[in-house]
Q: 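Below you'll find the structure I mean.
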Amino acid sequence: MAKKGKTAIEPTRDEDYPEWYQQVVKASDMAEKSPVRGCMVIKPWGYALWENIRHNLDDMFKSTGVKNAYFPIFIPLAFFEKEAEHVEGFAKECAVVTHHRLEQSPEGGLVPAGKLTEPLIIRPTSETIIGDSFSKWVSSYRDLPILINQWANIVRWEMRTRIFLRTSEFLWQEGHTAHADKEEAVRRTRMMLNIYARFAEDYLAIPVMKGEKTFSERFPGAVNTYCIEAMMQDRKALQAGTSHFLGQNFSRASDIRFQSADETEEFAWTTSWGVSTRLIGGLIMCHGDDDGIILPPKIASSQIVLMPIVRKQSQRQEVMEYTENLAKALKEKRYGGRRLSVEIDDREIGGARGWEWIKKGIPLRVEIGPRDIAQNSVFVARRDQTPKEKTSIGRERFIIQIDHILDEIQHNMFNKALAFRKKNTVSINHREEFYQFFTPKDQKKPEIHGGFAMSHWCGEEACETRIKDDLKVTIRCIPFDNEREDGECICCGRPSRERVVFAKAY
RNA sequence: CGGGACGUGGCUCAGUCUGGUAGAGCACAGCGUUCGGGACGCUGGGGUCGCAAGUUCAAAUCUUGCCGUCCCGACCA
């Protein structure tokens, strides 16, 4: 008999959203905390997801002419110091290597011995070290553009960490490009943001808003920062990807100069853009329910688990053969640009086995027992439906329709997330209403509240700061698809010509 | 770095106030009965009680110091 409540995850999202998140991560078997402060161990089920994200994005990048390369994890301090705003933005988060050797200390134990003449920082991002290479690679406009991406780990020594969302070390991709022409660099910045948006929506099934950051939220050293922002189920915003137009700031700092067609010497225009393992956190918070994570079929670690039902040993061989045959047939099929990944779980039958896969978020669970084999059918449960809803489908029909079923799940997930965002995005014109919107009723144990507020902003940083201090609400972005509209700043009442997205953020 | 709390089998925790030589639930292993919605019974393995010093006949328990973790704040691509 079941002894737990109705949900596989406790507490539920409504009861305690942050704790729900931690429990979902644990139950999904994707990652766990490591003994190292703020770092995580990504387990196979989580890493497979990252691999799929990586493969798909990598293809998209390459289709635009980007090539992969790799640069060192260590950055000489002197490089890092070159761009003033960049230093200011990242200095506090840098891990620094000052020694290079260990020795036995007289008191026992190992101590660092050889002190480095110049400290090395562990990359928090690679603009400066890649810029140094670019400066050597470029001498003529004919050398441009350079379109480089690297898949790497980076370290940012954050005060408070949360698995997948903000860890001291994380995996990401960072693209770096250099152009002879300003407009071309801006186009590239936009192009990459569009790729992120398409990937988020088509693969992760996460609807995103594209827009530009305000000055205060801009990447340190950038001229413009574009971003995609997604709404999580606690109605907070998650920055899911960013693309920066760096102007000539970093090319001046790294001395990326070239001779133009009309024989003048000029600085290159550079861009950088990245997404990280944070996307996995976004996936969990966007799609998860009170039974655990729900993986979108296109990037799921696996799409299908087959669970043989063996009640008597005498049936075992027949059931296993049928199951393995089905697995083989399914693996022939392609979905989302790659072969279907199919798991067979032949552990003892019982509810626990099924629930484990629910918590891992696999899109389809298929039970195969003697009854099904007798009618040449399979018993299918979809993760986007309640655990009870299982349907018997003829084996051949199931195989033929598998991509339609998975597509349907993929679309359902996106539409559900989009409906949620729409429901919790409101236009607010009055200051009082704005403050009310972002203030929980129960201050001691805040309930899920707020959302995206589309409101007017005069463009002054003072107003931004004021709202941040009062409510912890920030401008997530100035949407690209904004319509011009006259209004009054939600904070000071001065005239404004467009609305921006206000929200609490991760 | 300020405020608070906590370190006891793999996990969650009880035991600490009132010192007497370590427990529960879950997980794990074996056997049996079960089994198409989270099974049950019996048996078993596993802990220098964060570290160090002190008090004591005796310390998980009292004292001091250290280390670490979590929460709130500050900070934050």
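We name chains A, B, ... by the order of the sequence lines, and we start the count at 1 in each one.
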Q: Whole-Å distance between B:C70 C1' and A:Gln23 CD?
A: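 So the CD-C1' distance, A:Gln23 to B:C70, works out to 14 Å.
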
Q: Less than 3.5 Å between a donor and an acceptor, one on the side chain of A:Arg166 and one on the base of B:C76, is that the case here?
A: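 Answer is yes: a donor-acceptor pair is held.
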
Q: From C-beta outward on A:Glu348, which listed nucleotide comes closest to its side chain: B:G36, B:G37, B:U34?
A: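 For A:Glu348, the side-chain atoms sit closest to B:U34.
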
Q: With no hydrogens and no angle check, is any side-chain donor or acceptor of A:Trp20 less than 3.5 Å from a backbone partner on A:Gln23?
A: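 Between the backbone of A:Gln23 and the side chain of A:Trp20 there is no qualifying donor-acceptor contact (under 3.5 Å).
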
Q: Under a 3.5 Å cutoff, is there a donor and acceptor pairing between the side chains of A:Thr225 and A:His244?
A: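 Result is yes, a qualifying pair exists.
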
Q: Sticking with atom C1', work out how far B:U69 lies from B:U12, rounded to a whole angstrom.
A: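 Roughly 16 Å separates the two C1' atoms.
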
Q: How many Å lie between CD on A:Glu356 and P on B:A39, as a whole number?
A: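 These atoms are roughly 11 Å apart.
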
Q: Of the candidate nucleotides B:C76, B:C35, B:C70, which contains the atom at the shortest distance from the side chain of A:Ile349?
A: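 Closest of the options to the side chain of A:Ile349: B:C35.
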
Q: Starting at atom CD of A:Glu169, determine the distance to atom P of B:C76, rounded to an integer number of angstrom.
A: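 In whole Å, B:C76 P lies 23 Å from A:Glu169 CD.
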
Q: Between A:Lys210 and A:Tyr196, does a side chain to side chain contact (heavy atoms under 4.5 Å, CB included) hold up when you go through it step by step?
A: CA-CA 10 Å; A:Lys210 289 186 280 187; A:Tyr196 290 156; over 6 Å; no

Q: Is the ring pair A:Trp269/A:Phe245 parallel, tilted or perpendicular, if the boundaries are 30 and 60 degrees?
A: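 Rings of A:Trp269 and A:Phe245: parallel, under 30°.
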
Q: Check residues 312-321 of chain A and write down every donor-acceptor pair under 3.5 Å in which the side-chain atom is one partner and the other belongs to a residue at least two apart or another chain.
A:
{"from": "A:Gln315", "atom 1": "OE1", "to": "A:Arg311", "atom 2": "N", "distance (Å)": "3.2"}
{"from": "A:Gln315", "atom 1": "OE1", "to": "A:Lys312", "atom 2": "N", "distance (Å)": "3.1"}
{"from": "A:Gln317", "atom 1": "NE2", "to": "A:Glu321", "atom 2": "OE2", "distance (Å)": "3.1"}

Q: Which value, rounded to the nearest 0.5 Å, describes the distance between A:Met454 atom CE and A:Glu498 atom CD?
A: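 So the CE of A:Met454 and the CD of A:Glu498 are separated by 9.5 Å.
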
Q: Could you work out the separation of B:U48 and B:A59 based on their C1' atoms and round it to a whole Å?
A: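 Roughly 14 Å separates the two C1' atoms.
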
Q: B:G37, B:U34, B:C76: which one has an atom nearest the side-chain heavy atoms of A:Glu93?
A: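 Nearest listed nucleotide: B:C76.
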
Q: Does any pair with a residue in residues 363-375 of chain A pass salt bridge (Lys or Arg N to Asp or Glu O under 4.0 Å), and if so which ones, sequence neighbours excluded?
A: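 For residues 363-375 of chain A, and leaving out neighbouring residues, the salt bridge (Lys or Arg N to Asp or Glu O under 4.0 Å) pairs sorted by first residue read A:Glu367-A:Lys390.
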
Q: Taking atom P in both B:G23 and B:G47, what distance in whole Å separates the two?
A: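 13 Å, rounded to whole Å.
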
Q: Given the C1' atoms of B:A60 and B:A22, what is the spacing between them in whole Å?
A: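 Each nucleotide's C1' atom is 8 Å from the other's.
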
Q: Would you say A:Glu212's side chain and A:Asn224's backbone share a donor-acceptor pair under 3.5 angstrom?
A: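 The answer is no, because no donor-acceptor pair under 3.5 Å joins these two groups.
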
Q: If you only use heavy atoms from C-beta on, which nucleotide in B:G37, B:G38, B:C70 is closest to the side chain of A:Lys390?
A: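 For the A:Lys390 side chain, the nearest candidate turns out to be B:G37.
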
Q: When all nucleic acid strands are considered with a 4.0 Å heavy-atom cut-off, which category describes A:Phe379: base, sugar-phosphate, or nothing?
A: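 Base: the residue A:Phe379, judged by heavy atoms under 4.0 Å, touches a nucleobase.
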
Q: Name the residue closer to the 5' end of RNA chain B, choosing between A:Ser216 and A:Lys26 according to the nucleotide with the nearest heavy atom.
A: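 So the residue in question is A:Lys26.
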
Q: What are the two closest heavy atoms between A:Glu83 and A:Asn249, and how far apart are they?
A: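 Nearest pair, atom of A:Glu83 first, then A:Asn249: OE2-CB, 3.6 Å.
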
Q: Using a strict heavy-atom distance below 4.0 Å, which residues from residues 126-134 of chain A are in contact with RNA chain B?
A: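 The answer is none.
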
Q: Give A:His244 one of three labels, base, sugar-phosphate or nothing, depending on what nucleic acid heavy atoms sit under 4.0 Å from its own.
A: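 Base contact.
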
Q: With rounding to whole Å, what would you report as the distance between B:C67 and B:C51 at their P atoms?
A: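 Looking at atom P only, B:C67 and B:C51 are 15 Å apart.
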
Q: Who are the side-chain hydrogen bond (donor to acceptor under 3.5 Å, both in side chains) partners of A:Thr271, not counting sequence neighbours?
A: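 Only A:Thr177, A:Trp273 meet the side-chain hydrogen bond (donor to acceptor under 3.5 Å, both in side chains) criterion with A:Thr271.
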
Q: Would you mind reading off the distance between A:Lys359 atom NZ and B:G37 atom P, rounded to a whole angstrom?
A: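 Rounded to whole Å, this separation is 17 Å.
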
Q: Starting at atom OH of A:Tyr21, determine the distance to atom C1' of B:C70, rounded to an integer number of angstrom.
A: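 Checked: the OH to C1' distance equals 17 Å.
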
Q: Which part of the nucleic acid does A:Pro124 contact within heavy-atom distance under 4.0 Å: base, sugar-phosphate only, or nothing?
A: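 Nothing: the residue A:Pro124, judged by heavy atoms under 4.0 Å, touches no strand.
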
Q: Expressed in angstrom and rounded to an integer, what is the separation of A:Asp291 atom CG from B:G38 atom C1'?
A: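 Whole-Å distance recorded here is 11 Å.
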
Q: A:Ile309 has an atom CD1; how far is it from atom P of B:U34, in whole Å?
A: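 Roughly 18 Å, once rounded to whole Å.
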
Q: Drop me the distance from A:Lys43's NZ to A:Ser301's OG, to the nearest 0.5 angstrom.
A: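 Reported value, rounded in 0.5 Å steps: 13.0 Å.
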
Q: Return one dot-bracket line describing RNA chain B 5' to 3' (Watson-Crick or G-U wobble pairs, both distances under 3.5 Å; ( ) same strand, [ ] crossing, | another strand, . none).
A: ((((((((.[[[[.)....(..]]]].((((((.....)))))).....[[[[[..)....]]]]])))))))....

Q: Considering only the P atoms, how many Å lie between B:C57 and B:G10, rounded to the nearest integer?
A: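 Result for the P pair: 34 Å, nearest Å.
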
Q: Would A:Arg353 and A:Met307 count as a side chain to side chain contact (heavy atoms under 4.5 Å, CB included) if you check the C-alpha gap in whole Å, the side-chain angles of each, and the deciding distance to 0.1 Å?
A: CA-CA 8 Å; A:Arg353 179 175 65 170; A:Met307 295 183 282; 3.5 Å; yes

Q: When rounded to the nearest Å, what value does the distance between P atoms of B:U43 and B:C6 take?
A: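 The same atom, P, in both gives a distance of 37 Å.
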
Q: Rounded to the nearest 0.5 Å, what separation is found between the CG atom of A:Leu279 and the CG atom of A:Leu57?
A: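 Answer rounded to 0.5 Å: 7.5 Å.
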
Q: Going by distance alone, is a donor N or O of one side chain under 3.5 Å from an acceptor N or O of the other, for A:Arg188 and A:Thr64?
A: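 A:Thr64 and A:Arg188 do have a side-chain donor-acceptor pair below 3.5 Å.
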
Q: Taking the P atom of each, how far is B:C71 from B:C31, in whole Å?
A: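 The answer is 43 Å between these two P atoms.
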
Q: Using a heavy-atom cut-off of 4.0 Å across all strands, would you classify A:Gly369 as base, sugar-phosphate, or nothing?
A: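 A:Gly369: base contact, heavy atoms under 4.0 Å.
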
Q: Nearest to the A:Ala352 side chain among B:C70, B:C35, B:A39, which nucleotide is it?
A: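 Selected nucleotide: B:A39.
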
Q: Give me, pair by pair, the N or O atoms of the protein and of nucleotides 72-75 of chain B that are less than 3.5 Å apart, along with how far apart they are.
A:
{"from": "B:C72", "atom 1": "OP2", "to": "A:Arg160", "atom 2": "NH1", "distance (Å)": "3.2"}
{"from": "B:C72", "atom 1": "OP2", "to": "A:Arg160", "atom 2": "NH2", "distance (Å)": "2.2"}
{"from": "B:G73", "atom 1": "OP1", "to": "A:Lys472", "atom 2": "NZ", "distance (Å)": "3.1"}

Q: Nearest whole Å is fine: how far is B:U12 P from A:Glu32 CD?
A: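 So the two atoms are 12 Å apart, to the nearest Å.
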
Q: Applying a 4.0 Å non-hydrogen cut-off, can you work out what A:Arg353 is touching in the nucleic acid: base, sugar-phosphate, or nothing?
A: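 Touches nothing.
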
